[in-house]
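In the text below, chain A, chain B and the rest are named by the order of the sequence lines, each starting its count at 1.
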2 protein chains.
Amino acid sequence: MARKPGSRSEITGPRLREAALRLFARDGYAAVSMRQIAAEVGVQAGALYLYTADKQSLLADLMADHLEALLAAWAAEAPRGDARARLDHFARFHIRFHAARADAVFIAYMELRNLTPENFARIEALRRRYETELEQILRDGQAEGCFAVPDTKLAAMALIAMLTGVNTWFREGGRLSLPRVEDIYVDMVLKAAGAGGLPR
Amino acid sequence: MARKPGSRSEITGPRLREAALRLFARDGYAAVSMRQIAAEVGVQAGALYLYTADKQSLLADLMADHLEALLAAWAAEAPRGDARARLDHFARFHIRFHAARADAVFIAYMELRNLTPENFARIEALRRRYETELEQILRDGQAEGCFAVPDTKLAAMALIAMLTGVNTWFREGGRLSLPRVEDIYVDMVLKAAGAGGLPR
DNA sequence: GGTTGAACTGAACGGGCGTTCAGTGACAAT
DNA sequence: ATTGTCACTGAACGCCCGTTCAGTTCAACC
């Protein structure tokens, strides 16, 4: 037996990426073997190398794709208006987007140290572009006088850490719905920025 | 050659733990071999098993020791006074304690999935005890009427995520001193809790 | 100074790792 | 019906893994 009946690269390729994403998120990059991934795909390990150069670039590509999708999704929303409204929008967008892709988010935050220096630089640049989006909102709000933030760079990182933290505990079907969680976090984010909370 | 001159268990034991802590933090539990740790200690791999039952409990013990030290240190500070003052104190304590033990903090947050279920339960219980400390402050402040938090449980996790995020970027000798960072974060934490910021 | 036991070595165990590659069966085009 | 190529197998490569253990050497005590 060599080629499997019905096998096609447009199917196996995506399946490889899905399996790798799920397993890397669950067990960690270093703890997952190519043979495990192959078993999940339903293929022998050697066949994976038709779809990725090696294990390292499989990880790097998953991370880069996630961050590029994040930036593209944010660019597509392109909120206008005053800084307060844009910060509200950013917080909701961040929670929603990250909740929908928990595995990719987890990998993008946990597996940075398993990247080669070149791949790390590529990924880190993407992450920084996203942070800058938030920092720009904070700077604008500071200029408009509607925020009171001691340091926009620190505040940007603090708020992103807070928002991303949702992923560590949020589970669909839990005590709170996602829109309710968004409300609560938007309230805290706006207050932390000195823009008052959500109207109650 | 068998026993090394000058070797003593009171020395090798701690050295094993220090090496494991540093290497686990830098490369991740799964990516570090017992032989690497042994080389760092200056000993053959087999000798490590005089000091730890296996690799897994080496990790679990490092994490448990860290969290127990955290709880003990917080208990020792035992702040009194109104909720606002205690929240201020908590934020400063958290940043200071975590900045001083970056490696242990990193491991305690990143290596949870490498624990056996029994060890995970042990560690998770310790972490939850710490979260409860903060939540109690928030509940007290809510009762006193000096905080305005939509959900104390979520707020506790949000604030801890924000405070722990300092460790991802803070480096001694950078743009901001640690006391200055504490001030900035205390301001954001108090505001997020609805208690106004730091007086300026 | 002989004895005891703690501290450690070095080799071995069975197994899994990432990656390569010659071979092979299934499909599409002719 | 034949051909060509695509998708995949299965075995192999050299290497490293966590852990065990018989043997060796040093330090301390009597």
Side-chain angles (χ1 to χ4, degrees), chain A residues 1-21 23-24 26-63 107 111 113-116 118-119, chain B residues 1-24 26-63 107 111 113-119:
Chain A
M1 179 184 15
R3 180 170 185 175
K4 296 255 206 74
S7 62
R8 275 185 305 146
S9 69
E10 311 94 74
I11 292 180
T12 305
R15 274 168 58 83
L16 159 61
R17 300 160 66 85
E18 286 157 24
L21 195 72
L23 291 178
F24 286 167
R26 200 188 64 189
D27 300 331
Y29 173 78
V32 174
S33 73
M34 294 299 270
R35 279 172 244 261
Q36 274 174 59
I37 298 171
E40 200 85 353
V41 176
V43 118
Q44 292 298 317
L48 301 184
Y49 290 85
L50 294 167
Y51 302 96
T52 184
D54 48 29
K55 195 187 177 193
Q56 164 70 206
S57 44
L58 177 55
L59 172 65
D61 288 346
L62 287 174
M63 291 173 70
I107 290 172
E111 304 295 356
R113 61 178 160 197
N114 288 306
L115 295 171
T116 60
E118 307 80 48
N119 283 331
Chain B
M1 177 183 20
R3 181 169 185 177
K4 296 255 206 76
S7 64
R8 274 184 307 147
S9 69
E10 311 96 72
I11 292 179
T12 305
R15 274 168 60 84
L16 160 59
R17 300 160 66 85
E18 286 157 24
L21 194 73
R22 185 173 55 253
L23 292 178
F24 285 167
R26 200 188 62 188
D27 300 332
Y29 173 78
V32 174
S33 71
M34 293 300 269
R35 279 172 244 262
Q36 273 174 63
I37 298 172
E40 200 87 352
V41 176
V43 119
Q44 292 298 314
L48 300 185
Y49 290 84
L50 294 167
Y51 303 96
T52 184
D54 48 30
K55 196 189 176 191
Q56 163 70 205
S57 44
L58 177 55
L59 173 64
D61 289 346
L62 288 174
M63 291 173 70
I107 290 172
E111 304 295 356
R113 61 178 161 198
N114 288 306
L115 294 171
T116 60
E118 307 81 48
N119 284 331

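One can place CD of Q56(A) at 16 Å from C1' of dC17(C), the figure rounded to the nearest angstrom. Atom CG in L50(A) sits roughly 11 Å away from atom C1' in dC21(C) (whole-Å rounding). In this entry the distance linking CG of L48(B) with P of dC8(C) reads 10 Å, nearest Å. As a whole-Å value, the separation of Y49(A) OH from dG10(D) P is 18 Å. Following rounding to the nearest Å, K55(B) (NZ) and dC17(D) (C1') show an atom-to-atom distance of 8 Å. Atom C1' of nucleotide dC8(D) and atom CG of L16(A) are separated by 14 Å, given to the nearest angstrom. Residue I11(A) contributes atom CD1, which lies 12 Å from atom C1' of dA7(D) at whole-angstrom precision.
Comparing D54(A) and G46(B) by the nucleotide of DNA chain C that holds the closest heavy atom to each, the one mapping nearer the 5' end is G46(B).
The shortest side-chain heavy-atom distance between T52(A) and M34(A) falls under the 4.5 Å cut-off. Using a 4.5 Å cut-off on side-chain heavy atoms (C-beta onward), I107(B) and Y29(B) make no contact.
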**Report entry** Verdict with supporting geometry, L58(A) and Y51(A), side-chain contact (heavy atoms from CB on, under 4.5 Å)
**Finding:** CA-CA 9 Å; L58(A) 177 55; Y51(A) 302 96; over 6 Å; no
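In this structure, the nucleotide among dT19(C), dT9(D), dT19(D) sitting nearest to the side chain of Q44(A) is dT9(D). With dT19(D), dA7(C), dT9(C) as the candidates, the nucleotide lying closest to the side chain of A47(B) is dT9(C). Considering only side-chain atoms of V43(B), the nucleotide from dT20(D), dA7(D), dT9(C) that sits closest is dT9(C).
Between E111(B) and R113(A), at least one side-chain N (NZ, or NE/NH1/NH2) sits under 4.0 Å from a carboxylate O, which counts as a salt bridge.
Within the 3.5 Å criterion, the main-chain N or O of V41(A) finds a donor-acceptor partner in the side chain of R15(A).
For Y51(A), a side-chain nitrogen or oxygen approaches OP1 or OP2 of dC8(D) to under 4.0 Å. Distances shown here put every side-chain N or O of T12(A) at or beyond 4.0 Å from the OP1 or OP2 atom of dA7(D).
The distance from atom CD1 of I11(B) to atom CG of L16(B), rounded to the nearest 0.5 Å, is 14.0 Å.
With sequence neighbours excluded, the residues satisfying side chain to side chain contact (heavy atoms under 4.5 Å, CB included) with N119(B) are Q56(B), A60(B), L115(B), T116(B), R122(B).
Of the residues in residues 30-41 of chain A, those placing a heavy atom less than 4.0 Å from an atom of DNA chain C are V32(A), S33(A), M34(A), R35(A), Q36(A), in numerical order.
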